[in-house]
Amino acid sequence: MAQQNSKITPDEILPNPKRKEEEPLFNALWEARVFAMAVHLYEKGVYHDWEVFRDRFISEIAVAERLPEEERPTYYENWLSAFEKTLIGEGILTEEQINQRIKELETGKIKIC
Amino acid sequence: MSIQSIQKYEKSVEIRTKALESLLVEAGLVSTDALEAIIKTYENELGPQRGAKVVAKAWVDPAFKERLLRDGTSTIAELGYTGLQGEHIVVVENTPKVHNVIVCTLCSCYPWPLLGLPPKWYKEAPYRSRIVSDPRGVLKEFGLELDDDVEIRVWDNSSEIRYFVLPERPAGTEGWTEEELAKIVTRDSMIGVTKIEPPVKKPV
């Protein structure tokens, strides 16, 4: 176990096989975008406190975890729902605006890249 | 769920995200450049290499370590590591008799400025509940078997405070420089689910 060999120098050591830190941060572009939006609005002071978002995120997770596994939203799906509710709850956007825009995007009325 | 309905569902989260982004851009609250900059920062700059630097510095500089344990937030800010989820950092030190481990029982709070975004398992329910109810068992699954007389302290980030574990310096690293030490500090050791193993010499 513990090897008390002070003669080892850093360039002589074996790489640590347990070091698995290379998983991607985001699995899809939308995950990265919705993450960044929540951070950006906070940094800009659009909502004064991170708790405004975090409380809603905690509620989404709590609801999700009561669902059977196959119906459970993913981490960033919870993030998205919490963010949407934050925007509505803080009076930044209305539910109607969001639904209208979703419809416009779905029908191709508005195109964005 | 059928493949069609999965595809439709994936599309719906994408469209919801795009809808929010386009409305926020129109309202002048968000710019695409700023979003891209944030994504790049989180992907490239924030990460365990920052925490590793803090740990290595604490190992070689006793005055820094003393300040770090007394006032984590401002001592870490000396290195320029500030920002969201780093507003109140408390550093907890591992010793031969006390082992610290962090969790967020309610969501996924984590010291972002020091470790970046958390790994998948940290965000999932099994770790979040079991590290509290059976810390010794969970640590064993990570390959860490602690003696019975080692006290395990589980720190819940579900408050304003973000905890950060200062792991023990492994034997066999005497005389190493700060930069050399930083390279052997792992993310998991700063979460507290593993220790840093003494370095093993390459066979000649």
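All values derive from a computational prediction rather than experimental measurement. In the text below, chain A, chain B and the rest are named by the order of the sequence lines, each starting its count at 1.
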**Request:** Rounded to the nearest 0.5 Å, what's the gap from CZ on A:Arg54 to OG on B:Ser108? Could you check?
**Result:** 9.0 Å

**Asked** What residue, out of B:Glu160, B:Lys120, B:Glu124, has the most heavy-atom pairs lying under 4.5 Å from chain A?
**Response** B:Lys120

**Prompt:** Can we say A:Arg101 and B:Glu21 salt-bridge, meaning some charged N sits less than 4.0 Å from an Asp/Glu carboxylate O?
**Reply:** no

**Message:** Can you confirm whether B:Leu24 sits close enough to A:Leu87 that some side-chain heavy atom of one is under 4.5 Å from a side-chain heavy atom of the other?
**Reply:** yes

**Message:** Show the nearest heavy-atom pair for residues A:Lys44 and B:Gly28, with the distance to one decimal.
**Reply:** NZ-O, 3.5 Å

**Item:** Validation row: B:Trp112, A:Val39 side chains within 4.5 angstrom (heavy atoms)
**Value:** yes

**Message:** A side-chain contact here means heavy atoms from C-beta on lying under 4.5 Å apart; do B:Arg16 and A:Glu77 qualify?
**Reply:** no

**Asked** Tell me, side chain or backbone of A:Glu65 under 4.5 Å from chain B's heavy atoms, or both, or neither?
**Response** side chain

**Request:** Could you give me the CA-CA distance, side-chain angles and deciding distance for A:Met37 and B:Thr17, then say whether side-chain contact (heavy atoms from CB on, under 4.5 Å) is met?
**Result:** CA-CA 9 Å; A:Met37 281 192 270; B:Thr17 304; 3.7 Å; yes

**Request:** Below 4.5 Å from any heavy atom of chain A, which atoms of B:Glu179 appear? Answer side chain, backbone, both or neither.
**Result:** neither

**Prompt:** So which of A:Tyr42, A:Phe35, A:Phe83, A:Tyr76 has the biggest tally of heavy-atom pairs under 4.5 Å with chain B?
**Reply:** A:Phe35

**Asked** For the residue pair B:Ile15 and A:Leu105, what are the closest heavy atoms and their distance?
**Response** O-CD1, 3.8 Å

**Prompt:** Can you name the nearest heavy-atom pair linking B:Cys107 to A:Ile61, along with the distance?
**Reply:** CB-CD1, 3.5 Å

**Item:** From CD (A:Gln97) to CG (B:Leu20), nearest 0.5 Å
**Value:** 10.5 Å

**Asked** What distance separates B:Ile39 CD1 from A:Glu31 CD, expressed to the nearest 0.5 Å?
**Response** 11.0 Å

**Prompt:** Closest approach of A:Ile98 and B:Ala19, non-hydrogen atoms and distance?
**Reply:** O-CB, 4.4 Å

**Message:** Given heavy-atom pairs under 4.5 angstrom as the criterion, report whether the side chain, backbone, both or neither of A:Val34 touches chain B.
**Reply:** both

**Request:** Answer with side chain, backbone, both or neither: which region of B:Thr41 has an atom nearer than 4.5 Å to a non-hydrogen atom of chain A?
**Result:** neither

**Prompt:** Which pair of heavy atoms, one from B:Val13 and one from A:Leu80, lies closest together, and at what distance?
**Reply:** O-CD2, 3.8 Å

**Complete:** Under 4.5 Å to a heavy atom of chain A? For B:Ala27 that would be neither

**B:Glu151 CD: over 12 foreign heavy atoms closer than 6.0 Å** = yes

**Request:** Would you mind checking which part of A:Ile92 comes under 4.5 Å of any heavy atom in chain B, side chain (CB onward), backbone (N, CA, C, O), both or neither?
**Result:** side chain

**Message:** With a 6.0 Å cut-off (strictly less than), is the heavy-atom count around CD of A:Glu95, excluding the residue itself, greater than 12?
**Reply:** no

**Asked** Between NZ of B:Lys123 and OH of A:Tyr75, what distance do you get to the nearest 0.5 Å?
**Response** 5.0 Å

**Prompt:** What part of A:Glu43 lies closer than 4.5 angstrom to a heavy atom of chain B: side chain, backbone, both or neither?
**Reply:** side chain

**Request:** For B:Glu43 and A:Leu25, work out which heavy atoms get closest and say how close.
**Result:** CA-CD1, 3.7 Å

**Under-4.0 Å salt bridge between A:Glu106 and B:Lys18** = no

**Message:** If we define contacts as heavy-atom pairs under 4.5 Å, which of A:Ala64, A:Ala32, A:Ala28 has the most with chain B?
**Reply:** A:Ala32

